[in-house]
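Just so it is clear, the model here is predicted, and its values are computed rather than measured. One is the number of the first residue; the rest follow in order along the sequence.
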Amino acid sequence: MARPPFWDKRWKIAMNLVYNSDILPEAEFSLPPTDRAFQYGDGLFETIRFDAGTLWFWPDHYDRLMQGMAALYLDIPDLFTPAYLHDLILDLIRQNQFGDGPVRIKLQVWRQPGGFYTPATHAANWLLTTKTGQPFALTDKPRLGVFRDIRLSPSRLSPFKTLNALPYVLAGIYRQQHNFDEVLLLDTNGHLAECVASNLFWIKGHQLFTPSLDSGCINGIIRRQLLRTYAVQEGLFLPDVLETADAVFCANVSGMQTLLGTSPEHLTDIVREFVRSQ
């Protein structure tokens, strides 16, 4: 008998999700065509890593989500506390039989239906899903390009992962079309901003650098950890600064990737120490 497409092939069980606190089989979930996530991309999301029995960096994810909801004028739903969501995520992982991980969790929040561009409400819907993830890893991406077609700019929304991700979608297509391993996105003045799905860093001497949020880059979770742990120089930098860097890499909650010929074996102690802690 053919397996239904919604069944997880490892465990042969139907996967569940959480929608507005209700636990539902993924196969039974649907949204109306008037939904504002579909109509206007009127929301945001967090991608969270669960591994070795730990929900990594949960306080930072929740903090960024709260800031993003405030920026979108979204009301906080009932029970939407860090403790409640933390326990709910762990319960969903248990129900879907992922064990100690790794698991990739996605938490999406968006405005409820009503209105056109101007909404009729600030009430929010939210959705929690899980899928098989990958352990935090250090990998190499030697073929690096620069995506110049769409530029980023700072705004009250730019630090957050909104449902309107077209600059990153088009950058991903450009990367694919030109057979790059990674591409850099720039701001409107040509300064370095970030990579397709990760923040950009480089090391020169004993100094760690990264583009500031004034470049329009995402306020990434691993970016937060590095800025909290090390003396990082933020600023607006043109791409040619990478030519004289000792090491160049990008990072997100899934791992770190070395760029521009930087060998993972030759990363400085500052990066090695961070990777060992993951």
Side-chain angles (χ1 to χ4, degrees), residues 18 43-72 74 76-77 79-93 98 100-110 124 126-131 133-138 152 154-163 165 168 193-201 208-234 249-257 270-271 273-278:
V18 179
L44 64 161
F45 69 94
E46 291 288 325
T47 303
I48 308 154
R49 177 171 59 93
F50 176 83
D51 195 14
T54 299
L55 195 61
W56 285 91
F57 313 121
W58 170 242
D60 281 300
H61 281 290
Y62 184 82
D63 177 70
R64 186 173 66 177
L65 182 63
M66 291 297 100
Q67 291 184 30
M69 291 178 66
L72 288 178
L74 288 171
I76 300 175
L79 303 177
F80 211 70
T81 66
Y84 172 78
L85 289 173
H86 180 275
D87 292 346
L88 189 61
I89 291 170
L90 296 185
D91 185 52
L92 184 62
I93 289 170
F98 282 112
D100 288 336
V103 185
R104 180 183 175 93
I105 302 117
K106 192 165 188 177
L107 176 57
Q108 301 176 80
V109 182
W110 67 97
W126 58 278
L127 176 67
L128 182 63
T129 56
T130 58
K131 63 184 295 186
Q134 298 293 329
F136 192 93
L138 176 61
L152 304 181
S155 71
R156 63 179 290 146
L157 300 180
S158 58
F160 311 112
K161 303 179 80 170
T162 69
L163 298 185
Y168 308 101
E194 58 189 337
C195 297
V196 175
S198 54
N199 287 114
L200 175 67
F201 302 88
L208 181 60
F209 297 85
T210 193
S212 73
L213 297 181
D214 290 335
S215 68
C217 70
I218 298 289
N219 188 10
I221 299 301
I222 298 300
R223 183 184 189 277
R224 287 184 173 207
Q225 312 312 310
L226 288 173
L227 266 65
R228 187 176 296 146
T229 307
Y230 304 111
V232 182
Q233 184 173 330
E234 301 178 79
F249 65 97
C250 56
N252 59 23
V253 294
S254 297
M256 291 180 172
Q257 301 82 40
I270 194 172
V271 178
E273 179 183 341
F274 183 79
V275 172
R276 282 197 300 267
S277 72
Q278 301 308 299

Validation row: [X], [Y] side chains within 4.5 angstrom (heavy atoms):
X	Y	answer
Ile48	Leu55	yes
Phe98	Thr130	yes
Leu157	Leu72	yes
Met256	Phe136	yes
Ile221	Asn252	no
Asn199	Cys217	yes
Leu226	Phe201	yes
Val18	Leu127	no

Approximate separation, where rounding is to 0.5 Å, of [X] [atom1] and [Y] [atom2]:
X	Y	atom1	atom2	result
Thr47	Lys131	OG1	NZ	10.0 Å
Leu200	Phe209	CG	CZ	12.0 Å
Leu74	Trp110	CG	CH2	11.0 Å
Leu92	Phe50	CG	CZ	11.0 Å
His86	Trp58	NE2	CH2	8.0 Å
Leu107	Ile89	CG	CD1	6.0 Å

Closest contact, heavy atoms only, [X] versus [Y]:
X	Y	value
Pro154	Ser158	CA-OG, 3.5 Å
Ser198	Gln257	OG-OE1, 4.1 Å
Met66	Ile76	SD-CD1, 3.8 Å
Thr210	Arg223	CG2-NH2, 4.1 Å
Pro135	Asp51	CA-OD2, 3.7 Å
Ile222	Ala251	CG2-CB, 3.8 Å

Give the intermediate values and the outcome of side-chain contact (heavy atoms from CB on, under 4.5 Å) for residues Ile105 and Val103. CA-CA 6 Å; Ile105 302 117; Val103 185; 4.1 Å; yes
When you measure from the side chain of Arg49 to the backbone N and O of Trp56, does any donor-acceptor pair fall under 3.5 Å?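 A pair under 3.5 Å: no.
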Can any side-chain N or O of Glu194 pair as donor or acceptor with the backbone N or O of Ile218 at less than 3.5 Å?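 Side chain of Glu194 to backbone of Ile218: a pair is present.
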Might you confirm whether atom CZ of Arg64 has over 12 heavy atoms from other residues, nucleotides or ligands at distances under 6.0 Å?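 Yes, because the 6.0 Å sphere around CZ of Arg64 holds more than 12 heavy atoms from other groups.
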Using a strict cut-off of less than 4.0 Å between a Lys/Arg side-chain nitrogen and an Asp/Glu carboxylate oxygen, indicate whether Lys161 and Glu46 qualify as a salt bridge.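 No salt bridge links Lys161 with Glu46.
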Answer yes when Arg228 and Asp60 have at least one side-chain N-carboxylate O distance shorter than 4.0 Å, and no when they do not.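 Salt bridge present between Arg228 and Asp60.
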Answer with yes or no after comparing the ring centroid distance for Trp126 and Phe80 against a 6.0 Å cut-off, counting only values under it.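 They qualify: ring centres under 6.0 Å apart.
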Give a yes-or-no answer on whether the side chains of Tyr230 and Gln225 include a donor-acceptor pair shorter than 3.5 Å.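 The answer is no; no qualifying pair exists.
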